[in-house]
Asker: 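Have a look at this one.
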Amino acid sequence: MTATKHRIILDVDSAGDDILAILFALGSDFIQLEGVTAVTGAAGPIEQVTNVVLNTATLAGRDDLPVAAGAWRPIVGNSKEDMEAPVHFEKQLKDRFGERLKKFNPPAPTPIRKAMDKHAVDFIIETVRANPGEISIVATGPQTNVAMALDMAPDIAQLVKQIVVLGGCFTTPGNITPVSEYNIWADPEAARVVLRSGAPVVLVPLDICEDNRVAPSMLTRDDLADLAADHPDSKVVRHICENFPIYIDIWREFFHLVGFPLDDAIAVAAVTHPEFFEMTEPLFVDVALHERLVRGQTVAFTGRQILSFDGPETTRICKGLDGRSFLKLFKSSIGTLA
(Lines give C-alpha, C1' and ligand atoms only; values in the text may rest on other atoms or scores of the structure.)
Protein backbone atom coordinates (compact mmCIF):
# COMPACT_ATOMS: atom_id res chain seq x y z
CA MET A 1 0.00 0.00 0.00
CA THR A 2 1.37 3.44 -0.95
CA ALA A 3 1.93 5.77 1.99
CA THR A 4 -0.03 9.00 2.14
CA LYS A 5 2.25 11.87 1.15
CA HIS A 6 2.09 14.98 3.32
CA ARG A 7 3.11 18.11 1.44
CA ILE A 8 5.50 20.15 3.58
CA ILE A 9 7.47 23.37 3.43
CA LEU A 10 10.33 23.12 5.93
CA ASP A 11 11.48 26.47 7.33
CA VAL A 12 14.85 26.08 9.08
CA ASP A 13 17.73 27.94 10.69
CA SER A 14 20.26 25.16 9.86
CA ALA A 15 21.49 24.15 13.29
CA GLY A 16 22.50 20.49 13.63
CA ASP A 17 19.04 19.06 14.14
CA ASP A 18 17.72 21.04 11.14
CA ILE A 19 20.14 19.11 8.93
CA LEU A 20 18.79 15.85 10.28
CA ALA A 21 15.21 17.07 9.81
CA ILE A 22 15.86 17.84 6.14
CA LEU A 23 17.39 14.39 5.62
CA PHE A 24 14.54 12.77 7.56
CA ALA A 25 11.98 14.51 5.34
CA LEU A 26 13.83 13.59 2.15
CA GLY A 27 14.06 9.96 3.19
CA SER A 28 10.47 9.63 4.40
CA ASP A 29 7.89 7.65 2.46
CA PHE A 30 5.25 9.91 4.00
CA ILE A 31 6.51 13.32 2.86
CA GLN A 32 6.52 15.32 -0.34
CA LEU A 33 8.96 18.09 0.50
CA GLU A 34 7.84 21.11 -1.51
CA GLY A 35 10.86 23.17 -0.57
CA VAL A 36 13.08 24.39 2.23
CA THR A 37 13.18 28.03 3.32
CA ALA A 38 16.01 29.51 5.35
CA VAL A 39 15.77 31.94 8.26
CA THR A 40 18.48 33.52 10.40
CA GLY A 41 18.75 31.77 13.75
CA ALA A 42 20.96 29.53 15.84
CA ALA A 43 23.40 28.70 13.02
CA GLY A 44 24.24 32.33 12.29
CA PRO A 45 23.85 34.60 9.24
CA ILE A 46 21.37 33.82 6.49
CA GLU A 47 24.21 32.97 4.09
CA GLN A 48 25.44 30.21 6.41
CA VAL A 49 21.91 28.93 6.94
CA THR A 50 21.16 28.82 3.22
CA ASN A 51 24.47 27.20 2.29
CA VAL A 52 23.93 24.44 4.86
CA VAL A 53 20.50 23.70 3.34
CA LEU A 54 21.92 23.61 -0.19
CA ASN A 55 24.80 21.33 0.84
CA THR A 56 22.41 19.02 2.70
CA ALA A 57 20.22 18.68 -0.39
CA THR A 58 23.30 17.88 -2.47
CA LEU A 59 24.41 15.26 0.07
CA ALA A 60 21.04 13.56 -0.33
CA GLY A 61 21.20 13.73 -4.13
CA ARG A 62 18.36 16.25 -4.29
CA ASP A 63 19.68 19.29 -6.10
CA ASP A 64 16.19 19.62 -7.57
CA LEU A 65 14.84 20.62 -4.15
CA PRO A 66 13.64 24.25 -4.12
CA VAL A 67 15.63 26.28 -1.57
CA ALA A 68 14.82 29.92 -0.81
CA ALA A 69 16.70 32.31 1.47
CA GLY A 70 14.59 34.41 3.81
CA ALA A 71 14.81 36.84 6.71
CA TRP A 72 18.33 37.93 7.60
CA ARG A 73 17.29 39.34 11.00
CA PRO A 74 14.32 39.14 13.40
CA ILE A 75 11.42 41.58 13.24
CA VAL A 76 12.61 43.28 16.45
CA GLY A 77 15.13 41.03 18.17
CA ASN A 78 17.00 41.38 21.44
CA SER A 79 20.24 43.13 22.30
CA LYS A 80 23.13 42.48 19.93
CA GLU A 81 25.07 40.74 22.68
CA ASP A 82 22.15 38.47 23.55
CA MET A 83 21.35 37.67 19.91
CA GLU A 84 24.93 36.61 19.26
CA ALA A 85 25.24 34.47 22.38
CA PRO A 86 23.61 31.28 20.99
CA VAL A 87 25.69 31.45 17.81
CA HIS A 88 28.88 31.81 19.87
CA PHE A 89 27.78 29.10 22.28
CA GLU A 90 30.76 26.96 21.30
CA LYS A 91 33.12 29.41 23.03
CA GLN A 92 31.74 28.14 26.35
CA LEU A 93 32.54 24.58 25.31
CA LYS A 94 36.11 24.96 24.04
CA ASP A 95 37.88 23.96 27.24
CA ARG A 96 35.71 20.86 27.63
CA PHE A 97 35.59 19.59 24.04
CA GLY A 98 38.69 21.03 22.36
CA GLU A 99 39.36 19.94 18.78
CA ARG A 100 36.10 18.00 18.60
CA LEU A 101 34.26 21.32 18.25
CA LYS A 102 35.51 21.64 14.68
CA LYS A 103 32.54 19.51 13.64
CA PHE A 104 30.02 21.58 15.63
CA ASN A 105 28.23 24.10 13.37
CA PRO A 106 31.26 24.50 11.05
CA PRO A 107 31.28 27.16 8.31
CA ALA A 108 29.47 25.75 5.29
CA PRO A 109 31.51 25.13 2.13
CA THR A 110 30.40 26.99 -0.98
CA PRO A 111 27.46 25.02 -2.44
CA ILE A 112 27.51 23.70 -6.00
CA ARG A 113 24.33 25.64 -6.77
CA LYS A 114 22.57 28.80 -5.67
CA ALA A 115 19.27 29.26 -3.89
CA MET A 116 16.19 30.30 -5.85
CA ASP A 117 15.96 33.87 -7.07
CA LYS A 118 12.92 34.29 -4.84
CA HIS A 119 12.54 35.32 -1.21
CA ALA A 120 11.41 32.62 1.20
CA VAL A 121 8.34 34.65 2.17
CA ASP A 122 7.19 34.86 -1.46
CA PHE A 123 7.82 31.12 -1.89
CA ILE A 124 5.67 30.35 1.16
CA ILE A 125 2.81 32.62 0.07
CA GLU A 126 2.78 31.40 -3.54
CA THR A 127 2.99 27.71 -2.62
CA VAL A 128 0.21 27.89 -0.03
CA ARG A 129 -2.08 29.94 -2.29
CA ALA A 130 -1.55 27.55 -5.20
CA ASN A 131 -2.40 24.51 -3.05
CA PRO A 132 -5.21 25.48 -0.64
CA GLY A 133 -5.60 23.07 2.27
CA GLU A 134 -2.66 20.96 1.13
CA ILE A 135 0.51 22.52 2.56
CA SER A 136 1.84 22.07 6.09
CA ILE A 137 4.54 24.53 7.14
CA VAL A 138 7.02 23.08 9.61
CA ALA A 139 9.00 25.94 11.15
CA THR A 140 11.99 24.73 13.16
CA GLY A 141 13.75 28.07 13.70
CA PRO A 142 12.59 31.56 14.62
CA GLN A 143 9.18 32.35 13.14
CA THR A 144 10.27 35.40 11.14
CA ASN A 145 9.60 34.04 7.63
CA VAL A 146 6.23 32.59 8.56
CA ALA A 147 5.12 35.74 10.37
CA MET A 148 6.13 37.93 7.45
CA ALA A 149 4.17 35.69 5.09
CA LEU A 150 1.10 35.94 7.31
CA ASP A 151 1.46 39.72 7.56
CA MET A 152 1.83 40.12 3.80
CA ALA A 153 -0.88 37.59 2.92
CA PRO A 154 -3.32 37.14 5.84
CA ASP A 155 -5.49 34.88 3.68
CA ILE A 156 -2.95 32.05 3.89
CA ALA A 157 -3.90 31.52 7.56
CA GLN A 158 -7.06 29.88 6.25
CA LEU A 159 -5.40 28.24 3.24
CA VAL A 160 -2.54 26.46 5.00
CA LYS A 161 -3.28 22.94 6.24
CA GLN A 162 -1.40 23.57 9.47
CA ILE A 163 1.68 25.26 10.88
CA VAL A 164 3.92 23.17 13.10
CA VAL A 165 6.03 25.42 15.31
CA LEU A 166 9.07 24.02 17.08
CA GLY A 167 9.33 26.23 20.11
CA GLY A 168 8.34 27.21 23.59
CA CYS A 169 8.42 25.44 26.92
CA PHE A 170 5.88 24.90 29.66
CA THR A 171 7.19 22.38 32.20
CA THR A 172 10.79 21.92 31.00
CA PRO A 173 13.15 24.83 31.78
CA GLY A 174 13.97 27.11 28.87
CA ASN A 175 17.35 27.04 27.16
CA ILE A 176 17.70 30.86 26.90
CA THR A 177 16.03 32.07 30.10
CA PRO A 178 14.39 29.84 32.71
CA VAL A 179 11.06 30.27 30.89
CA SER A 180 12.07 30.99 27.27
CA GLU A 181 13.09 28.63 24.48
CA TYR A 182 15.43 29.84 21.73
CA ASN A 183 13.17 29.81 18.65
CA ILE A 184 10.45 31.87 20.33
CA TRP A 185 12.91 34.11 22.19
CA ALA A 186 14.89 34.93 19.03
CA ASP A 187 11.83 36.60 17.48
CA PRO A 188 8.94 36.71 19.95
CA GLU A 189 7.08 39.33 17.91
CA ALA A 190 7.05 36.91 14.97
CA ALA A 191 5.94 34.00 17.15
CA ARG A 192 3.06 36.10 18.46
CA VAL A 193 1.93 36.86 14.88
CA VAL A 194 1.88 33.15 14.04
CA LEU A 195 0.07 32.08 17.22
CA ARG A 196 -2.51 34.85 16.86
CA SER A 197 -3.05 34.40 13.11
CA GLY A 198 -5.99 32.02 13.40
CA ALA A 199 -4.15 29.34 11.42
CA PRO A 200 -4.24 25.82 12.90
CA VAL A 201 -0.99 25.46 14.85
CA VAL A 202 0.74 22.51 16.49
CA LEU A 203 3.31 23.65 19.03
CA VAL A 204 6.21 21.27 19.70
CA PRO A 205 7.91 22.54 22.88
CA LEU A 206 11.12 21.62 24.66
CA ASP A 207 8.99 19.51 27.01
CA ILE A 208 8.83 16.64 24.48
CA CYS A 209 12.26 17.15 22.88
CA GLU A 210 14.91 18.27 25.35
CA ASP A 211 13.89 16.46 28.50
CA ASN A 212 15.04 13.05 29.69
CA ARG A 213 11.40 12.07 30.10
CA VAL A 214 11.53 11.51 26.31
CA ALA A 215 15.00 9.95 26.33
CA PRO A 216 14.02 7.17 23.86
CA SER A 217 13.65 9.83 21.15
CA MET A 218 17.26 11.01 21.42
CA LEU A 219 20.12 10.06 19.13
CA THR A 220 22.98 8.20 20.84
CA ARG A 221 26.31 6.80 19.75
CA ASP A 222 24.65 3.36 19.78
CA ASP A 223 22.17 4.63 17.20
CA LEU A 224 25.02 5.88 15.02
CA ALA A 225 26.67 2.47 15.28
CA ASP A 226 23.41 0.79 14.26
CA LEU A 227 23.01 3.11 11.27
CA ALA A 228 26.60 2.52 10.16
CA ALA A 229 26.24 -1.26 10.45
CA ASP A 230 22.91 -1.37 8.65
CA HIS A 231 23.82 1.05 5.85
CA PRO A 232 27.57 0.79 5.26
CA ASP A 233 27.39 2.18 1.71
CA SER A 234 25.26 5.24 2.43
CA LYS A 235 27.17 8.51 2.16
CA VAL A 236 24.38 10.22 4.10
CA VAL A 237 24.75 7.80 7.00
CA ARG A 238 28.53 8.14 6.80
CA HIS A 239 28.19 11.94 7.00
CA ILE A 240 25.95 11.71 10.06
CA CYS A 241 28.24 9.24 11.79
CA GLU A 242 31.28 11.43 11.16
CA ASN A 243 29.75 14.76 12.14
CA PHE A 244 27.20 14.15 14.88
CA PRO A 245 29.12 12.44 17.71
CA ILE A 246 30.10 15.91 19.00
CA TYR A 247 26.43 16.92 19.14
CA ILE A 248 25.67 13.83 21.19
CA ASP A 249 28.61 14.55 23.51
CA ILE A 250 27.63 18.19 24.06
CA TRP A 251 24.03 17.42 24.90
CA ARG A 252 25.13 14.63 27.23
CA GLU A 253 27.92 16.46 29.04
CA PHE A 254 26.69 20.07 29.00
CA PHE A 255 22.90 19.70 29.02
CA HIS A 256 22.85 16.38 30.93
CA LEU A 257 20.58 14.63 28.42
CA VAL A 258 21.03 10.98 27.43
CA GLY A 259 21.65 11.87 23.79
CA PHE A 260 21.20 14.48 21.08
CA PRO A 261 17.56 15.64 20.97
CA LEU A 262 16.06 15.50 17.47
CA ASP A 263 13.74 18.46 18.00
CA ASP A 264 13.37 19.44 14.34
CA ALA A 265 12.74 15.93 13.07
CA ILE A 266 10.18 15.48 15.85
CA ALA A 267 8.37 18.55 14.53
CA VAL A 268 8.29 16.98 11.06
CA ALA A 269 6.90 13.75 12.53
CA ALA A 270 4.05 15.75 14.09
CA VAL A 271 2.71 16.13 10.54
CA THR A 272 3.16 12.56 9.36
CA HIS A 273 2.51 10.64 12.59
CA PRO A 274 0.34 12.64 14.98
CA GLU A 275 -0.52 9.35 16.69
CA PHE A 276 2.98 9.44 18.24
CA PHE A 277 1.97 12.54 20.21
CA GLU A 278 -0.25 13.45 23.12
CA MET A 279 -1.72 16.88 22.37
CA THR A 280 -3.99 19.33 24.12
CA GLU A 281 -7.23 20.55 22.70
CA PRO A 282 -6.84 23.81 20.74
CA LEU A 283 -5.88 26.62 23.11
CA PHE A 284 -4.96 30.28 22.94
CA VAL A 285 -1.18 30.57 23.34
CA ASP A 286 0.50 33.95 23.63
CA VAL A 287 4.09 35.17 23.91
CA ALA A 288 5.60 37.58 26.44
CA LEU A 289 7.34 40.48 24.71
CA HIS A 290 8.81 42.51 27.57
CA GLU A 291 11.35 42.18 30.41
CA ARG A 292 14.52 40.31 29.54
CA LEU A 293 13.90 37.55 32.09
CA VAL A 294 10.60 36.42 30.56
CA ARG A 295 10.84 37.73 26.99
CA GLY A 296 9.86 34.93 24.65
CA GLN A 297 7.93 32.95 27.27
CA THR A 298 5.04 30.96 25.81
CA VAL A 299 1.87 31.26 27.88
CA ALA A 300 -1.00 28.80 27.41
CA PHE A 301 -4.44 29.91 28.51
CA THR A 302 -5.91 27.06 30.52
CA GLY A 303 -8.15 27.05 33.58
CA ARG A 304 -10.07 30.18 34.57
CA GLN A 305 -8.65 33.67 35.01
CA ILE A 306 -10.33 36.86 36.20
CA LEU A 307 -8.58 39.16 33.72
CA SER A 308 -9.67 38.74 30.12
CA PHE A 309 -7.25 38.07 27.28
CA ASP A 310 -8.41 37.77 23.69
CA GLY A 311 -6.88 35.42 21.17
CA PRO A 312 -7.76 32.50 18.91
CA GLU A 313 -7.99 29.02 20.41
CA THR A 314 -6.16 27.42 17.51
CA THR A 315 -2.93 25.97 18.98
CA ARG A 316 -2.54 22.39 20.13
CA ILE A 317 0.46 21.84 22.41
CA CYS A 318 2.33 18.55 22.27
CA LYS A 319 2.58 17.17 25.82
CA GLY A 320 3.83 13.64 25.23
CA LEU A 321 5.78 11.65 22.64
CA ASP A 322 6.20 7.97 21.84
CA GLY A 323 9.95 8.36 21.55
CA ARG A 324 10.71 4.75 20.59
CA SER A 325 8.31 4.80 17.64
CA PHE A 326 9.64 8.16 16.52
CA LEU A 327 13.31 7.13 16.64
CA LYS A 328 12.54 3.89 14.78
CA LEU A 329 10.84 5.93 12.05
CA PHE A 330 13.71 8.44 11.95
CA LYS A 331 16.37 5.77 11.55
CA SER A 332 14.44 3.85 8.91
CA SER A 333 13.86 7.05 6.90
CA ILE A 334 17.53 8.05 7.06
CA GLY A 335 18.42 4.52 5.97
CA THR A 336 16.65 4.98 2.62
CA LEU A 337 19.12 7.67 1.53
CA ALA A 338 22.10 6.61 -0.53
Asker: Quick one: do Lys331 and Asp230 satisfy salt bridge (Lys or Arg N to Asp or Glu O under 4.0 Å)? Show the steps, please.
Answerer: CA-CA 10 Å; Lys331 290 163 70 174; Asp230 293 341; over 6 Å; no
Asker: What distance do Glu210 atom CD and Leu262 atom CG have between them, rounded to the nearest 0.5 Å?
Answerer: 10.0 Å
Asker: Hey, is the main chain of Trp251 close enough, under 3.5 Å, to the side chain of Glu253 for a donor-acceptor pair?
Answerer: no
Asker: Does Ser217 use its side chain to pair, donor to acceptor, with the backbone of Gly323 at less than 3.5 Å?
Answerer: no
Asker: For the residue pair Phe260 and Phe244, categorise the inter-ring angle as parallel (less than 30°), tilted (30 to 60°) or perpendicular (more than 60°).
Answerer: tilted
Asker: Could you check whether any side-chain N or O of Tyr182 sits under 3.5 Å from a backbone N or O of Pro86, counting only pairs where one atom can act as donor and the other as acceptor?
Answerer: no
Asker: With a 3.5 Å cut-off and no angle check, do the side chains of Thr220 and Arg252 form a donor-acceptor pair?
Answerer: no
Asker: Leu327, Val258: one ILVMFWY side-chain cluster at the under-4.5 Å cut-off?
Answerer: yes
Asker: Distance-only, no hydrogens or angles: does the Asp11 side chain make a donor-acceptor pair with backbone N or O of Ile137 under 3.5 Å?
Answerer: no
Asker: Give a yes or no on whether Asp64 atom CG has more than 12 heavy-atom contacts from other residues, nucleotides or ligands under 6.0 Å away.
Answerer: yes
Asker: Could you go step by step and tell me if Asp155 and Val128 meet the side chain to side chain contact (heavy atoms under 4.5 Å, CB included) rule?
Answerer: CA-CA 10 Å; Asp155 59 297; Val128 172; over 6 Å; no
Asker: Report, as yes or no, whether the 6.0 Å neighbourhood of atom NZ on Lys94 holds more than 12 heavy atoms from other residues, nucleotides or ligands.
Answerer: no
Asker: Given the rule in the side chain to side chain contact (heavy atoms under 4.5 Å, CB included) test, do Thr172 and Arg213 qualify, once you have shown the distances and angles that lead to the verdict?
Answerer: CA-CA 10 Å; Thr172 298; Arg213 289 174 297 176; 3.1 Å; yes
Asker: Would you name the heavy atoms of Ser197 and Ala157 that are closest together and state the gap between them?
Answerer: O-CB, 3.7 Å
Asker: Counting only heavy atoms not in Arg100, do more than 12 sit closer than 6.0 Å to its CZ atom?
Answerer: yes
Asker: With the threshold set at 4.0 Å, does a side-chain nitrogen-carboxylate oxygen contact exist between Asp286 and Arg196?
Answerer: yes
Asker: With rounding to the nearest 0.5 angstrom, report the CG to CZ distance, Leu224 to Arg238.
Answerer: 14.0 Å
Asker: Spell out, as yes or no, whether a donor-acceptor pair under 3.5 Å connects the side chain of Gln48 to the backbone of Ala108.
Answerer: yes
Asker: If you group Ile, Leu, Val, Met, Phe, Trp and Tyr by side-chain heavy-atom gaps below 4.5 Å, do Val67 and Ile46 land in one group?
Answerer: no
Asker: Quick check on Glu275: does its CD atom have over 12 non-hydrogen neighbours (other residues, nucleotides or ligands) under 6.0 Å away?
Answerer: yes
Asker: Should Val165 and Leu203 be marked as a side chain to side chain contact (heavy atoms under 4.5 Å, CB included) after you check the CA-CA gap, both sets of side-chain angles, and the distance that decides it?
Answerer: CA-CA 5 Å; Val165 173; Leu203 188 60; 3.7 Å; yes
Asker: Does one hydrophobic cluster hold both Val299 and Phe309, with members joined at side-chain heavy-atom distances below 4.5 Å?
Answerer: yes
Asker: Quick one: pull up OG1 in Thr314 and CZ in Phe284 and give me the separation to the nearest 0.5 Å.
Answerer: 9.0 Å
Asker: Working to the nearest 0.5 angstrom, can you tell me the gap between Glu281 CD and Ile317 CD1?
Answerer: 11.5 Å
Asker: Can I get a per-line list of side-chain donor-acceptor pairs under 3.5 Å for residues 16-35, giving both atom names and the distance, sequence neighbours left out?
Answerer:
{"unit_1": "Asp18", "atom_1": "OD1", "unit_2": "Ala15", "atom_2": "N", "d": "2.9"}
{"unit_1": "Asp18", "atom_1": "OD2", "unit_2": "Asp13", "atom_2": "N", "d": "3.3"}
{"unit_1": "Asp18", "atom_1": "OD2", "unit_2": "Thr140", "atom_2": "OG1", "d": "2.7"}
{"unit_1": "Ser28", "atom_1": "OG", "unit_2": "Phe30", "atom_2": "N", "d": "2.9"}
{"unit_1": "Gln32", "atom_1": "NE2", "unit_2": "Glu34", "atom_2": "OE2", "d": "2.7"}
{"unit_1": "Glu34", "atom_1": "OE2", "unit_2": "Arg7", "atom_2": "NE", "d": "2.8"}
{"unit_1": "Glu34", "atom_1": "OE2", "unit_2": "Arg7", "atom_2": "NH2", "d": "3.4"}

Asker: Write down the atom of Pro232, the atom of Ala229, and the distance for their closest heavy-atom approach.
Answerer: CD-O, 3.6 Å
Asker: Using a 3.5 Å distance criterion without hydrogens, assess whether the side chain of Arg316 forms a donor-acceptor pair with backbone atoms of Pro282.
Answerer: no
Asker: Enter the distance from Ile135:CD1 to Leu159:CG here, rounded to the nearest 0.5 Å.
Answerer: 11.0 Å
Asker: Tell me whether Thr177 contacts the main-chain N or O of Leu293 through its side chain, where contact means a donor paired with an acceptor under 3.5 Å.
Answerer: yes
Asker: Where do Gln143 and Gly141 come nearest, in terms of heavy atoms and distance?
Answerer: NE2-O, 3.1 Å
Asker: Are Leu166 and Leu257 joined in one hydrophobic group, where the rule is that I, L, V, M, F, W and Y side chains link up if heavy atoms are under 4.5 Å apart?
Answerer: yes
Asker: Can you name the closest pair of heavy atoms from Trp185 and Asn78 and give their distance?
Answerer: O-ND2, 3.0 Å
Asker: Is the side chain of Asp187 donor-acceptor paired with the backbone N or O of Pro74 at a distance under 3.5 Å, no angle test?
Answerer: no
Asker: Out of curiosity, does Tyr247 fall in the hydrophobic cluster containing Leu59 (side-chain heavy atoms, cut-off under 4.5 Å, transitive links)?
Answerer: yes
Asker: For the pair Asp263 (side chain) and Cys209 (backbone), establish whether a donor and an acceptor sit closer than 3.5 Å, ignoring hydrogens and angles.
Answerer: no
Asker: I need the minimum non-hydrogen distance between Ala153 and Arg129, along with the two atoms involved.
Answerer: CB-NH2, 3.4 Å
Asker: Is it true that a side-chain atom of Thr40 and a backbone atom of Pro45 form a donor plus acceptor pair closer than 3.5 Å?
Answerer: no
Asker: Closest approach of Ser136 and Val271, non-hydrogen atoms and distance?
Answerer: OG-CG1, 4.0 Å
Asker: Just checking Glu81: does its CD atom have more than 12 heavy atoms from other residues, nucleotides or ligands closer to it than 6.0 angstrom?
Answerer: no
Asker: Are there more than 12 heavy atoms of other residues, nucleotides or ligands under 6.0 Å from atom CZ of Arg113?
Answerer: yes
